[in-house]
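Before any comments, here is the structure.
Here is how names work: the chains are called A, B, and so on, in the same order as the sequence lines, proteins then strands, and each is numbered from 1. What you see below is based on every heavy atom in this structure, not just the backbone, and it leaves out hydrogens, waters and symmetry mates.
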Amino acid sequence: MRYRLDYAKELNPAQLEAVRTLWGPVLVIAGAGSGKTRTLVYRVARLVEEGVPPERILLLTFTRKAAREMLRRAALILDEQCERVAGGTFHSLAHIMLRQYGHLVGYSRNFTVLDRGDAEDAINLLRTALGLAEKRRRFPRKETIAAIFSKAINKRLSLEEVVREEYPHFLEELEELAKLFEHYVRYKQEHQLMDYDDLLVNWFRVLKSFPEVRREVGRRFEFIMVDEYQDTNALQAEIVRLMAEEHGNVMVVGDDSQSIYAFRGANFKNILEFPKLFPHTKIIKLEENYRSTQPILDLANAVIEHAREKYTKCLFTRREGGRLPLLYKARDEADQSRFVAERILELREEGVPLREIAVLFRSAYHSFDLELELAKRNLPFVKHGGLKLIETAHIKDVVAHLRLLLNPFDMLAWNRVLLLIEGVGPKTSGKIMDYLRQSPDPLAALTGFPARASYAEGLRQLSDLLVSLRKEASPEEKLNQLYRYYEPIFTRIYYDDYPKRAKDLEQLLAIANKYETLEDFLADLALEPPEASVAEVEGLENEDEKLVLSTVHSAKGLEWHSVFVISLAEGRFPSSYALGREEEIEEERRLFYVAVTRAKENLFLTYPATYYAPAEGRIFSKPSRFLEEVKEKIEEWRPQDLSFWEEEAVEEPSSGFRPGELVWHPVFGEGKVKRMADIDKVVVQFASAGEKTLHLKFARLERL
DNA sequence: TTCATACCCGTTTTT
DNA sequence: CGGGTATGAA
């Protein structure tokens, strides 16, 4: 057969073998930057060239964006047929399949997907109902309970095993937890709700218990590919096994040294166990790195060299030259931010586009200081990771109304919606819900509730709204109408900061207009939550000309010309949260490995000698242990001109107040500045009012 | 029901 | 330190 693409020319021998092996199970162990994505893209093209209908190919990836991107690339090199390949995350696939097969496990096609916050709300509701919230000081908080439940599901362990292993201090509560779990499962079942884990569990149950579905699905997806296999969990591995049972045509691709999702139940050993799940698996290793320069790879290899676990490969490159990774030891966060901003400006001078530069950090809030600095210098950026739009209270309020239109038995949404009405509290809300539950059409039944005069009007308005929203209209129109209803409520409950929150509502509206149906809109909101952050500085001319700020987790699979990894201090990276247990430190180390292997040409590492910790204020820090381990692979940044330090040392803090200065405040009168408490906060000792911490953004402080 | 207060806790990553 | 939560009073 003649192919339109010259595979042998485009791929190295290992990649080529992976692309040409179409039948049977294949495990590809692909080091960072070894052309893993390229291999998958070419394999999709190859399958299509072989005449496999694109709908018969399934590509499972970690985010839906990743799937879209790969299929777009396949379409680019071959033809647009490739875009018809089925692609997405395990969760989005399960969601689609359960709309079709959910009835087999007791779900109608309009079930609601709960995000983590909704799940916690439900758990909280049940916990209170079971009387587990009272005086029992020792009972875990809702977040912890949700985490325990989720771990058990994803790792396929019993509650007891999870508690014993990771939460031994709650062992006494095991019985109560088990009872709560039972109630939680039943509650979701009864109200047509599924949390993230249920999507996987129920899809698994369908596959497991219904061989005919298994066969049907096997015929539908004749070739399965799974990317980032090191970040799948036991349940997902089972799902793959069942879906591929019919034909065994499954290729999984991953890198055990890049596994960074153990916290949500992922198990990198899945990779090593894959050949046991599928006998006669062909194993292919991709070890040649095409991304980074040798000095960067040397550093990466040294990082992973210190890992407890011995990983399976060693990266090499044929690229020559390249600069040593640079370490800058900053005095504090402000200094760190200044350093980063200056280097970015220099890089831009050298012709590196902003979108080819990324700043990576362990936790979303680590970039706050830098964001201020970038805004000050008019450097446009986008930020990935951190707070999701959907996690804010006002967006949840709005979405709850929409959820009712699809699933009128979604009592979680009812509760939220009812509590917004003035005069309705938990008690009344409960009574109304008991009433609605009895009705076959709760939306229409709302007017029939014998309401007390104090809130009758509010209830009537809600009822009118819901009935009217139910009529044919685009998600965007529905949302517009909803906003008219919500506005007075919105300004009442968020009176202190609703202007800020209003921006989110606008953003939601902008997202909604991309959707034809409410169903798709809501499903995507839950399965692919849009990020909350809006860049502070909009790009002046080109939208794409933005610097990238990202958590390391959100940077997985991506690469940039120049990468900064900031806040490499003990407690920050590795996170203080991980300091206790060895496995967690190991995961932090892999996370650092992922961070450094994102860089193609330049890698800058920074460490602030002091930083602000939420509870303790300014603290002195130690350099990250990961830096100490690989010292000899790094060059320390030395300012050419020493006076640079001295100048900086006496420079005023950006707000302009210095200890000892006399100031005047309109309420507290005269005072003396003690110190800066933060970039925009100052501690002042007042003659009359004592010591106060003032927010410079609000306080009208004048120099005397 | 709502408001005020006291207190507790925990700082992370994401589908 | 600040936010959320539980508790108690009006």
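Applying the side chain to side chain donor-acceptor pair (under 3.5 Å) test to A/Thr597 and every residue at least two apart in sequence or in another chain returns nothing. Partners of A/Lys431 under the side-chain contact (heavy atoms from CB on, under 4.5 Å) rule, at least two apart in sequence or in another chain, are A/Phe449. A/Phe521 pairs by the ring pair (Phe, Tyr, Trp, His ring centres under 6.0 Å) definition with A/Tyr515, not counting sequence neighbours. In this structure A/Tyr486 satisfies the ring pair (Phe, Tyr, Trp, His ring centres under 6.0 Å) test together with A/Phe490, sequence neighbours excluded. Scored by the side-chain contact (heavy atoms from CB on, under 4.5 Å) test, A/Pro530 finds A/Leu389, A/Ile511, A/Leu525 as partners (sequence neighbours excluded). Remark: A/Arg264 pairs with no residue by the side chain to side chain donor-acceptor pair (under 3.5 Å) rule, at least two apart or across chains. Under the rule for a salt bridge (charged side-chain N to carboxylate O under 4.0 Å, His left out), the partners of A/Glu519 that lie at least two apart in sequence or sit in another chain are A/Arg99, A/Arg109. Residues satisfying the ring pair (Phe, Tyr, Trp, His ring centres under 6.0 Å) test with A/His553, not counting sequence neighbours, are A/Tyr261, A/Phe263. For A/Phe592, the ring pair (Phe, Tyr, Trp, His ring centres under 6.0 Å) test picks out A/Phe573, A/Phe626, with sequence neighbours left out.
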Nucleotide N/O to protein N/O under 3.5 Å, stretch nucleotides 3-5 of chain C:
| residue | atom | partner | partner atom | Å |
| --- | --- | --- | --- | --- |
| C/dT5 | OP1 | A/Lys142 | NZ | 2.4 |

Are any protein N/O atoms closer than 3.5 Å to N/O atoms in nucleotides 4-7 of chain B? If there are, list each pair with its distance.
none

All N/O contacts under 3.5 Å from nucleotides 13-15 of chain B to the protein, with atom names and distances to one decimal?
| residue | atom | partner | partner atom | Å |
| --- | --- | --- | --- | --- |
| B/dT13 | OP1 | A/Ala364 | N | 3.0 |
| B/dT13 | O4' | A/Arg362 | NH1 | 3.3 |
| B/dT13 | O2 | A/Arg362 | NH2 | 3.2 |
| B/dT13 | O2 | A/His553 | NE2 | 3.3 |
| B/dT14 | OP1 | A/Thr551 | OG1 | 3.4 |
| B/dT14 | OP1 | A/Ser554 | OG | 2.9 |
| B/dT15 | O4' | A/Arg264 | NH1 | 3.4 |
| B/dT15 | O3' | A/Thr89 | OG1 | 3.3 |
| B/dT15 | O2 | A/His91 | NE2 | 3.2 |

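Put simply, OH on A/Tyr455 is 8 Å from P on B/dT1, counting in whole angstrom units.
Straight-line distance between the P atoms of B/dT11 and C/dG4: roughly 13 Å, to the nearest whole Å.
Heavy atoms of A/Val552 sit nowhere under 4.0 angstrom from any nucleic acid atom.
For the pair A/Ser576 and A/Thr428, both in contact range of DNA chain B, the more 5′-proximal nearest nucleotide belongs to A/Thr428.
At least one donor-acceptor pair closer than 3.5 Å links the side chain of A/Arg127 to the backbone N or O of A/Pro140.
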